[in-house]
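Order of listing sets the numbers, starting from 1, for every ligand and every atom in it. In this chain, residues are counted from 1 in sequence order. Computed from a predicted structure; not experimentally measured.
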Amino acid sequence: MIDENQYKIEIGNEELEYFLQSVFDKYGYDFRSYSQAHIKRRITNRISMSHLDSLEALQSKILASTSFASLFIKDLSINVTEMYRDPNFYAAIREKVIPRLKTYSFLKTWHAGCATGQEVYSMAILLTEENLYDRSLIYATDFNQQVLDTAKAGIYPEQKTKQYTRNHQLSGGNTSLSDYYIAKYDKIIMDKSLKKNIVWAHHNLVTDGVFAEVQLILCRNVLIYFNQNLQNKVHELFYESLAKGGYLCLGARESLRFSSVADRYQVVDSKNKIYIKKY
Ligand SMILES: C[S@@+](CC[C@H](N)C(=O)[O-])C[C@H]1O[C@@H](n2cnc3c(N)ncnc32)[C@H](O)[C@@H]1O
């Protein structure tokens, strides 16, 4: 049994590039522009968990086995999420964004990197509370099919409901969260009414392009794993996808400040990372 703490593998940048290129060539998943620190951490973790002794051994295993490759690709996608994550962000959306969205006859929202869907259901509930859901279409995308399947099913552990309920209240929710799910054994199942205007789709921010013009984009806690070049590329994609006067929302530790598109947006709420497209 390998002791993770004693077992340290140093990975050079060049061998990392070669390794990521081979994964891209074989499977079409492009992690070459992800943050190196993040990738190296996940690789050493996988090497250790799979009782391997080098990056070379990991590469051989990945290239020889599709199921092992899927496991590795899953390692690289961090799917941590929750309902009304950062309640203040949702409170700011209610206060600073919704009034303007209410003036639109139809609203399209894109959740890029939606993971298991809690962020999407949070927004669907918020739009319902604000009487906007019936004139909304929500695109929810991720490049990990497994999390998308969970998102689509909308079934979550019942033990999370206490925290989700607290978050919902802190976000300014004016209904009861329990109105939107049914509890069955140790699970909750999100209500069908929330799903009717949601389109779930596989979309890779690195390799896929614009698919719709939208008025609101949430891409929270995704870009943090990308290097600056890739962040810029994805920001160009968001800029192209947003209607003029549309809103871009990032995660708490993300910012538009150093991006190539920063001057094309105005800050709506700097703490909650909400921006509006100026032109
Ligand atoms: C930490 S989760 C964020 C979930 C949610 N947005 C939130 O803030 O709670 C990051 C998600 O980004 C997705 N992701 C990572 N790289 C991606 C890419 N290139 N294209 C699409 N989704 C990606 C991962 O699969 C994961 O589900």
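- At least one test fails for Lys277 against the ring of Tyr265: distance under 6.0 Å to the centre or angle within 45° of the axis.
- Contact between Met190 and Ile125 at its shortest, heavy atoms only, is CE-CD1, 4.2 Å.
- Set against the non-hydrogen atoms of Val206, the atoms of ligand 1 under 4.0 Å away are 19 (N).
- The residues Arg42 and Asp75 are annotated as not salt-bridged, no charged nitrogen and carboxylate oxygen being separated by less than 4.0 angstrom.
- Near Asn79, the atoms of ligand 1 lying under 4.0 angstrom from a non-hydrogen atom of the residue are 24 (C), 25 (O), 26 (C), 27 (O).
- Judged by a 6.0 Å distance limit and a 45° cone about the ring axis, Arg264 is not positioned over the six-membered ring of Tyr279.
- Checking only distances, Phe226 never comes within under 3.5 Å of ligand 1, N or O to N or O.
- With hydrogens left out, the protein atom closest to atom 7 (C) of ligand 1 is Arg85 NH1, 3.2 Å, a heavy atom.
- The closest non-hydrogen atom to atom 2 (S) of ligand 1, taken over Thr81, Ile78, Val120, comes from Ile78.
- Remark: aromatic rings of His203 and Phe211 are close, center separation under 6.0 Å.
- With a heavy-atom cut-off of 4.0 Å, Asn221 touches ligand 1 through backbone and side chain alike.
- Using a 4.0 Å cut-off between charged nitrogen and carboxylate oxygen, Glu82 and Lys160 do not count as a salt-bridge pair.
- Aromatic ring centroids of Trp200 and Tyr139 lie 6.0 Å or more apart.
- A cation-pi arrangement is absent between Arg135 and Tyr104, since the terminal nitrogen or guanidinium carbon is not both under 6.0 Å from the aromatic centre and inside a 45° cone about the axis.
- A centroid separation of 6.0 Å or more is found between the aromatic rings of Tyr34 and Tyr225.
- Protein heavy atom closest to atom 3 (C) of ligand 1, with residue, atom name and distance, is Arg220 O, 3.5 Å.
- Within the listing of ligand 1, atoms 24 (C), 25 (O) sit less than 4.0 angstrom from a heavy atom of Ser77.
- Considering backbone and side-chain N/O atoms, Glu82 never comes within less than 3.5 Å of an N/O atom of ligand 1.
- For the residue pair Thr141/Trp110, the side-chain donor-acceptor check at 3.5 Å is satisfied.
- Annotation: atom 14 (N) of ligand 1 to nearest protein heavy atom, Phe143 CE2, 3.5 Å.
- In this structure, Tyr29 and Phe31 have parallel ring planes: the angle between them is below the 30° cut-off, well short of the 60° mark.
- Counting heavy atoms closer than 4.0 Å to ligand 1, residue Glu119 contributes side-chain atoms (C-beta onward) but none from N, CA, C or O.
- Each of the following atoms of ligand 1 lies closer than 4.0 Å to a heavy atom of Ala115: 4 (C), 27 (O).
- The closest approach between any non-hydrogen atom of His203 and ligand 1 is below 4.0 Å.
- Of the protein's non-hydrogen atoms, the one nearest atom 20 (N) of ligand 1 is Leu205 N, 2.9 Å.
- Looking at Tyr29, Tyr34, Tyr84, Phe31, it is Tyr34 that brings a heavy atom closest to atom 16 (N) of ligand 1.
- With 3.5 Å as the limit, one finds no donor-acceptor pair spanning the side chains of Glu236 and Asn232.
- Regarding atom 25 (O) of ligand 1, its nearest protein heavy-atom neighbour is Asp142 OD1, 2.7 Å.
- Near Val222, meaning under 4.0 Å from any of its heavy atoms, are these atoms of ligand 1: 10 (C), 12 (O).
- The N/O atoms of Gly113, backbone and side chain alike, include one that comes under 3.5 Å of an N/O atom in ligand 1.
- Residue Asn204 approaches ligand 1 through these ligand atoms, each under 4.0 Å from one of its heavy atoms: 18 (C), 19 (N), 20 (N).
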